[in-house]
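Predicted model, so just to flag it, every value in this text is computed and none were measured. In what follows, chains carry the letters A, B, and so on, assigned in the order in which the sequence lines appear, proteins first and then strands, with residues in each chain numbered from 1.
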Protein chains: 2
Amino acid sequence: MPGPVQSIERAAAILRVLASGRLGLVEVANSLGLAKATTHGILRTLQGVGFVEQDRATGKYQLGAALLHLGSSYLDANELRSRAINWADSLAARSGEAVHIGRILGTEVLIVHHVFRPDDTLQALEIGALLPAHASALGKVLLAFDAGAAEATLAAPLISFTRRTIVSARAMTRELTQVRERGWASETGEMVVDQASVAAPIRGHGGLVVGAIGVTGPAERIGDDLHGSSRAALVALVRDVARAVSRDLGGSRG
Amino acid sequence: MPGPVQSIERAAAILRVLASGRLGLVEVANSLGLAKATTHGILRTLQGVGFVEQDRATGKYQLGAALLHLGSSYLDANELRSRAINWADSLAARSGEAVHIGRILGTEVLIVHHVFRPDDTLQALEIGALLPAHASALGKVLLAFDAGAAEATLAAPLISFTRRTIVSARAMTRELTQVRERGWASETGEMVVDQASVAAPIRGHGGLVVGAIGVTGPAERIGDDLHGSSRAALVALVRDVARAVSRDLGGSRG
DNA sequence: AACGTGGGACGACATTGTCGAACGTTCTGC
DNA sequence: GCAGAACGTTCGACAATGTCGTCCCACGTT
């Protein structure tokens with residue numbers, strides 16, 4: 001490999017560290033084990049290109065505005081998102097719940113699109129946010145069809161968010177097998193108490209799973225504990241929409 | 001200056017080029033005057049850190065998912081935005097128009113927040129988008145109070161979007177002086193025909209202008225040609241909200 | 001008022017990134 | 001269906017480039 005440009009990797013690591021908030025020079029340097037001067041040079045360069053900004057008053061560094069534009073440019077170029085947007089609106093309208101579209105990023109789920117629940121106005125926009133893969137329906141779908149991501153996720157301890165969160169690697173492996181077999185995933189109160197979600201895979205060219213789409217809402221309307229036709233209808237709805245997106249996505253070459 | 005890390009600057013330039021869409025290796029290399037192998041090495045590194053993705057089928061490169069998360073992390077840390085959000089909702093409700101909050105990024109205006117027009121549901125989310133500074137009310141405000149950005153913007157020819165776009169540097173200088181004097185800016189059909197906007201500055205610690213907030217809508221409701229009390233009331237409303245945000249922002253240290 | 005901390009600058013060393021050239025593969029056009 | 005070109009990729013060598021230890025300065029603290 002004649003490539004891996006060290007300084008760029010370090011710059012990326014610095015940006016990732018800064019994503020957690022405002023930090024001082026030495027804090028950044030220490031958390032990455034870099035020399036102060038080296039960190040300073042990289043930070044200065046990142047500042048020059050607008051990826052990092054410095055608070056004049058405190059001297060602390062934070063992410064820069066140029067990243068916001070790049071992030072939104074990513075969304076513009078993202079075919080999964082552009083194809084799925086219309087279907088997501090339709091799913092939200094028909095299910096009456098909030099809709100999320102996500103893809104894998106490392107061992108987490110990156111939300112690339114979010115439709116608010118139709119009746120509810122005060123919600124936070126979650127585009128760009130990261131969800132734990134093992135505690136969300138979207139994440140279970142994505143892990144079930146991405147062996148690499150699944151392995152990476154199971155390599156580390158699974159963080160517990162509620163009493164229902166699946167923390168055992170064996171249980172998770174079983175769960176993923178089931179998801180793979182039936183073609184959809186669910187989660188009830190595993191991330192947030194009394195919140196549940198259902199999701200299904202979106203496939204791109206050649207049947208490869210490139211993302212997932214799902215609905216999220218109160219456990220009493222979506223949860224596993226709810227048996228009967230309404231739950232089955234919801235699952236069918238989500239799966240239908242996911243298949244529709246897949247069809248759109250597979251049809252044309254990007 | 002012992003810093004400017006060349007490879008990082010080049011990587012940033014590559015990302016900026018890729019923001020315009022999917023590009024091949026040689027296209028990127030040529031547009032930056034870099035050797036093919038150098039470009040390849042940087043792209044590979046960026047791919048490794050998730051800032052760039054490669055289409056397996058076509059070999060073309062595009063921006064990566066990690067940037068979306070960094071972009072949204074920027075928003076989370078952005079104090080201008082977090083303080084202004086509540087006021088923006090209120091402004092949208094009271095004016096009945098779409099509200100934008102922006103800040104300067106180079107010679108353009110970066111939208112950091114966007115509230116849809118209350119009655120209209122089908123609108124595109126513009127957070128992260130760039131507006132031309134000379135053809136938007138937000139931009140005029142920001143340029144009026146940022147001499148550096150104004151100079152940089154006037155150094156290049158002003159692009160014409162409609163017949164009403166101000167393209168003369170002298171006329172723009174006059175306009176900016178007026179904006180500075182009266183404390184708000186407007187634009188009528190200068191960017192999009194029959195669309196108009198009004199904006200006012202947001203000041204941070206020490207009275208420095210750190211952003212702008214404004215409303216956008218049909219020229220017949222917002223435009224300069226509209227004289228009378230409704231226009232004056234709208235301007236007063238925007239200015240009041242801008243001052244309120246400034247007060248919030250100046251109160252606490254970040 | 002002295003101290004400690006944090007951000008910033010300098011200069012030397014060798015690590016590290018860059019480049020020209022060559023390879024294999026995939027589309028294009030005849 | 002074949003030749004040609006264009007593209008992404010790899011290789012190896014040179015020196016340009018980034019890195020690090022050290023020192024400096026300003027601010028807030030004890």
For the pair made of [atom1] in [X] and [atom2] in [N], what is the distance, rounded to whole Å?
X: Ile14(B); N: dT18(C); atom1: CD1; atom2: C1'; value: 13 Å
X: Leu43(A); N: dA9(C); atom1: CG; atom2: P; value: 13 Å
X: Gln47(A); N: dG7(C); atom1: CD; atom2: C1'; value: 12 Å
X: Glu53(B); N: dG8(D); atom1: CD; atom2: C1'; value: 18 Å
X: Ile42(A); N: dC20(D); atom1: CD1; atom2: C1'; value: 12 Å
X: Asp55(B); N: dC7(D); atom1: CG; atom2: P; value: 16 Å

Looking at [X], does any N or O in its side chain come under 4.0 Å of the phosphate oxygens OP1/OP2 on [N]?
X: Tyr61(B); N: dC7(D); value: no
X: Gln6(B); N: dT16(C); value: no
X: Arg10(B); N: dT18(C); value: yes
X: Arg44(B); N: dT10(D); value: yes
X: His40(A); N: dG7(C); value: no

task: Identify whether any heavy atom of Glu9(A) sits under 4.0 Å from a base atom; if not, whether one sits that close to sugar-phosphate; answer base, sugar-phosphate or nothing.
output: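 The answer is nothing, as Glu9(A) stays clear of every strand by at least 4.0 Å.
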message: If you assign each of Ile8(B) and Leu23(A) to its closest nucleotide in DNA chain C, which residue comes earlier from the 5' end?
response: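 Its nucleotide being nearer the 5' end, the pick is Leu23(A).
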Which heavy atom of [X] sits nearest to which heavy atom of [Y], and what is that distance?
X: Leu46(B); Y: Ala11(B); result: CD1-O, 4.0 Å
X: Leu70(B); Y: Ala19(A); result: CD2-CB, 3.9 Å
X: Ser246(B); Y: Pro201(B); result: OG-O, 4.1 Å

message: Out of the candidates Leu18(B), Leu67(B), Thr45(B), Ile42(B), only one should pair with Val52(B) under the side chain to side chain contact (heavy atoms under 4.5 Å, CB included) rule; please name it.
response: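 Of the listed residues Leu18(B), Leu67(B), Thr45(B), Ile42(B), the side chain to side chain contact (heavy atoms under 4.5 Å, CB included) partner of Val52(B) is Leu18(B).
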message: So if I apply the side chain to side chain contact (heavy atoms under 4.5 Å, CB included) rule between Met172(A) and each of Thr177(A), Leu158(A), Thr153(A), which one comes out positive?
response: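 In the set Thr177(A), Leu158(A), Thr153(A), the residue that makes a side chain to side chain contact (heavy atoms under 4.5 Å, CB included) with Met172(A) is Leu158(A).
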message: Using 0.5 Å steps for rounding, measure from the OG atom of Ser7(B) to the CD1 atom of Ile14(B).
response: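 It is 10.0 Å, given to the nearest 0.5 Å.
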query: Which of residues 25-38 of chain A sit near DNA chain C, with a heavy atom under 4.0 Å from it?
result: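 Heavy-atom cutoff 4.0 Å gives Leu25(A), Val26(A), Lys36(A), Ala37(A).
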- prompt: Do His69(B) and Tyr74(A) make the cut of ring centroids closer than 6.0 angstrom?
  reply: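 Aromatic pair excluded; centres sit 6.0 Å or further apart.
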